[in-house]
2 protein chains.
Amino acid sequence: MSANYWISVPFVSTWRMANKAPRAERRTEALSRLQIIEAAIAILDSQGEAALTFRALAARLSTGFGAIYWHVANKEALLAAAADHIVSAAVETTQLTATEPREFIRAVSLAVFDAFDAHPWVGIQLSLSPGRVGMMQVFEAIGGSLVALGIPQQDRFDAWSALVNYIFGVASQNAANARRVHEGTTREGLLTEIAERWGELDAAQYPFLREIAGHLPGHDDRQQFLAGIDLILAGLNPR
Amino acid sequence: MSANYWISVPFVSTWRMANKAPRAERRTEALSRLQIIEAAIAILDSQGEAALTFRALAARLSTGFGAIYWHVANKEALLAAAADHIVSAAVETTQLTATEPREFIRAVSLAVFDAFDAHPWVGIQLSLSPGRVGMMQVFEAIGGSLVALGIPQQDRFDAWSALVNYIFGVASQNAANARRVHEGTTREGLLTEIAERWGELDAAQYPFLREIAGHLPGHDDRQQFLAGIDLILAGLNPR
DNA sequence: ACCTGAACACCGTTCAAGT
DNA sequence: ACCTGAACACCGTTCAAGT
């Protein structure tokens, strides 16, 4: 076993010298929580989840990384706030298009799906918990539509839960898939690879997967998502 | 600006002396991938996601942390393999109970739901990608049941996708909720808190959420999950 | 073939000190 | 009230060196 241990001693580090932050001049106005969230979204969208560090965020905001903690409790809260901001913006685009309830449910669902698709990192951090305004807006929109549809009160809670769970569940699954398509592979390439694997499976053990393997590469995630919504709606019985 | 930078110099560190791993004697047999995955599951189940580090895993396996890289590519692959192992074990318990197709779909769905509930960390890392045996088993079980149910070929792909997406989507959402119930709060406490918030919402903007707030604390996630499955099944038209 | 652990290049978070 | 960044206590991953 080696007898060498390490201790730190003050000295000039050439690495630190070379990489000393060439930061622009300090900001003059105070930071705001919203500015931080928007900057975080910009980093997440352009460079992905791994690139969102307090140091990178502080650099973009021309401030020290400790400053962020004055406005946001920690990284988890930052991610949650960024995700909810996206969801909220997505519902609001559909808020005024209210027409027939089923159409409205479809519109809200697609808005969430598209938002998750455009910002795949949103899928990581959600779940119902107090203060998620965006999620609450979606919850209300779907629930209100069920009332308008005339679903009897005793069926409403389960129907609402199924829809809302389906919407967020599928949207995040899809986002997770989108997340792993970024280096080298395309979505088509990934699906083709999976289809090939499924096509080679044992026919006795995996007859169904072999059968549908061919459908995989060409299919439209968005319309398949919508087909699921329609399936749930078809199971509902308005009185 | 401070002129102090830091460089490392070999010396005896008292911290390292005090915390030197009091590890048991080295293992004699070679590690296996399965052993690593099982040890990872044990840590994830007992101490949660944050506790799974290569160093902790190596300590439990009485080996060096570098050894793990010989068997597993990286942490992402380790998490994915652990999650798939759980899913696979869950389906296998239902594999022989095959009765009526709808009953079988319910049984497989509940097995996945319960597995996610017992191992909430499973929700983090899944998504279809080559080589996930557990997911493939669920996919096949659901698809085969749809064939047995007599769902026409042109509807099968969408119906299968809706079910499979619902199952994994909702199970992971539920697991995410379970994950944030661990310190101080109980599930009941969390739901009661949310219900209270929803009950105080503006009646004009959130009429539905106010209405269902009361249903939240007492409801059974498992049976509500099943109600969603039934809703999708009800929308299907066997010929 | 398989294991070891020093070393590297980072992290999130805290907090005394500043303005 | 709000910001700064040194310091702390970690991480995952690599890789030369061992057996």
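Below, read A as the first sequence line, B as the second, and so on, with proteins coming before strands; counting in each chain starts at 1.
In this entry the distance linking CG of Leu57(B) with C1' of dC3(C) reads 14 Å, nearest Å. The distance from atom CD of Gln35(A) to atom C1' of dC3(D) is 14 Å, rounded to the nearest whole Å.
Between the CZ atom of Arg60(B) and the CG atom of Leu57(B) there is a distance of 8.5 Å, given to the nearest 0.5 Å. Atom CD of Glu92(A) is separated from atom CD of Gln137(A) by 5.0 Å, given to the nearest 0.5 angstrom.
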Exercise. Using Watson-Crick and G-U wobble pairs with both distances under 3.5 Å, what is the 5'-to-3' dot-bracket string of DNA chain C, with [ ] for crossing pairs and | for pairs outside the strand?
Worked result: ||.|||||...|||||.||
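Considering every non-hydrogen atom in both Leu61(B) and Ala39(B), the closest pair reads CD2-CB, 3.8 Å. Nearest heavy atoms, Ile68(B) versus Ala58(B): CD1-N, 3.8 Å. Ala81(B) and Ile37(B) make their closest contact through CB-CD1, 3.6 Å (heavy atoms, listed as atom of the first residue, atom of the second, distance).
Interface residues of residues 65-75 of chain B facing DNA chain C, ordered by number: Phe65(B), Gly66(B), Ala67(B), Trp70(B), His71(B); criterion, heavy-atom separation under 4.0 Å. Listed in residue order, the members of residues 41-55 of chain A having a heavy atom less than 4.0 Å from DNA chain C are Leu52(A), Thr53(A), Phe54(A), Arg55(A).
Put simply, the residue from Thr94(A), Val112(A), Leu163(A) that forms a side chain to side chain contact (heavy atoms under 4.5 Å, CB included) with Val138(A) is Val112(A).
For an aromatic pair to be called close, the ring centres must be under 6.0 Å apart, and Phe54(B) with Tyr69(B) satisfies this. The distance between the ring centers of Phe225(A) and Tyr166(A) falls below 6.0 angstrom.
Taking atom P on both nucleotides, dA9(C) is separated from dA9(D) by 22 Å, rounded to a whole Å.
The existence of a salt bridge linking Asp114(A) and Arg222(A) is confirmed by a sub-4.0 Å separation between a basic side-chain nitrogen and an acidic carboxylate oxygen. A salt bridge is defined here as a Lys NZ or Arg NE, NH1 or NH2 lying under 4.0 Å from an Asp or Glu carboxylate O, and Asp202(B) with Arg210(B) fails to meet this definition.
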